[in-house]
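Scroll down for the structure; my scribbles are underneath it.
Just so it is clear, the structure is predicted and the values come from calculations on it, not from any experiment.
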Amino acid sequence: ETGVTQTPRHLVMGMTNKKSLKCEQHLGHNAMYWYKQSAKKPLELMFVYNFKEQTENNSVPSRFSPECPNSSHLFLHLHTLQPEDSALYLCASSHPLGQERSYEQYFGPGTRLTVT
Amino acid sequence: GQNIDQPTEMTATEGAIVQINCTYQTSGFNGLFWYQQHAGEAPTFLSYNVLDGLEEKGRFSSFLSRSKGYSYLLLKELQMKDSASYLCAVSRQAGGSYIPTFGRGTSLIVHP
């Protein structure tokens with residue numbers, strides 16, 4: 001248990017569906033991250049939020065839409081996905097730069113997404 | 001851009017020592033991470049090296065040479081539970097956070 005929870009843990013959706021992934025952290029962090037992990041590929045950073053503001057978008061297609069309503073919650077809204085978007089989506093959090101151990105990210109268990 | 005290279009798979013015997021190497025070429029380097037990821041689980045933080053040298057933490061040690069673009073993770077007294085994927089990542093700072101770029105990971109298999 002890392003203090004970062006993600007729901008749902010598994011999701012199967014069609015290409016025309018709209019769904020959302022949720023991440024919540026109970027660690028008092030102010031930086032939150034979305035990652036994509038596909039088989040045989042490196043863990044890939046998608047988005048970064050600091051104090052609810054998006055600070056990094058790693059050229060992610062617009063069919064992925066993040067939302068950070070407060071420092072404890074992060075969402076990833078999904079629509080018109082493609083089969084190649086099937087992957088494990090991981091959320092992480094950390095303290096922002098300047099705070100103790102701000103380099104250490106705590107990961108949630110991930111959502112296993114399958115697009116049919 | 002970032003280029004990170006680490007072996008795909010390694011095997012070792014319980015009780016032995018194993019060294020997992022990572023080489024990198026990067027623009028904008030702030031430090032180097034090692035994470036451990038068991039199958040089906042989230043990555044967990046092992047170490048972060050900013051300066052050259054060896055950092056020891058129990059059975060695990062991490063080494064960095066910035067001039068050579070090289071790091072290694074050393075695991076001593078291997079246990080079966082150390083079977084996992086070990087992720088090397090180089091870090092830059094941007095937008096108030098450390099931004100990691102990960103390698104493909106090294107799958108370590110520990111056998112009796």
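- Shown here for His111(B) and Met80(B), the closest heavy-atom pair between the two residues is C-SD, 4.0 Å.
- Using a 4.5 Å cut-off between heavy atoms, Leu90(A) touches chain B through its side chain atoms alone.
- Both Phe33(B) and Leu43(A) belong to a single network of hydrophobic side chains, linked directly or stepwise wherever heavy atoms of I, L, V, M, F, W or Y lie under 4.5 Å apart.
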Going through the distances and angles, do Leu75(B) and Leu108(B) end up as a side-chain contact (heavy atoms from CB on, under 4.5 Å)? CA-CA 11 Å; Leu75(B) 292 77; Leu108(B) 173 66; 4.0 Å; yes
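- Using a 4.5 Å cut-off between heavy atoms, Gln37(A) contacts chain B through its side chain alone, with no backbone atom that close.
- Side-chain atoms of Asn30(B) never come within 3.5 Å of backbone atoms of Gln93(B) as a donor-acceptor pair (strictly under, hydrogens ignored).
- Tyr70(B) contributes atom OH, which lies 12.5 Å from atom CG of Asp52(B) (distance to the nearest 0.5 angstrom).
- Most heavy-atom pairs under 4.5 Å with chain B: of the set Asn50(A), Asn30(A), Leu45(A), this distinction falls to Asn50(A).
- With a threshold of 4.5 angstrom between heavy atoms, Ser102(A) approaches chain B through its backbone and through its side chain.
- Proximity to chain A is absent for every atom of Ser91(B), based on heavy atoms less than 4.5 angstrom apart.
- Looking at Gln105(A), both its backbone and its side chain come within 4.5 Å of chain B, counting heavy atoms on both sides.
- With 3.5 Å as the limit, one finds no donor-acceptor pair spanning the side chains of Ser94(A) and His29(A).
- At a 4.5 Å heavy-atom cutoff, Arg112(A) makes no contact with chain B through either its backbone or its side chain.
- Contacts between Tyr35(A) and chain B at a heavy-atom distance below 4.5 Å involve the side chain alone, from C-beta outward.
- In this structure, chain B has no heavy atom under 4.5 Å from any part of Tyr106(A).
- Residue Pro109(A) touches chain B through its backbone alone, counting heavy-atom pairs closer than 4.5 Å.
- The shortest non-hydrogen separation linking Arg59(B) to Lys81(B) is NH2-CE, 4.0 Å.
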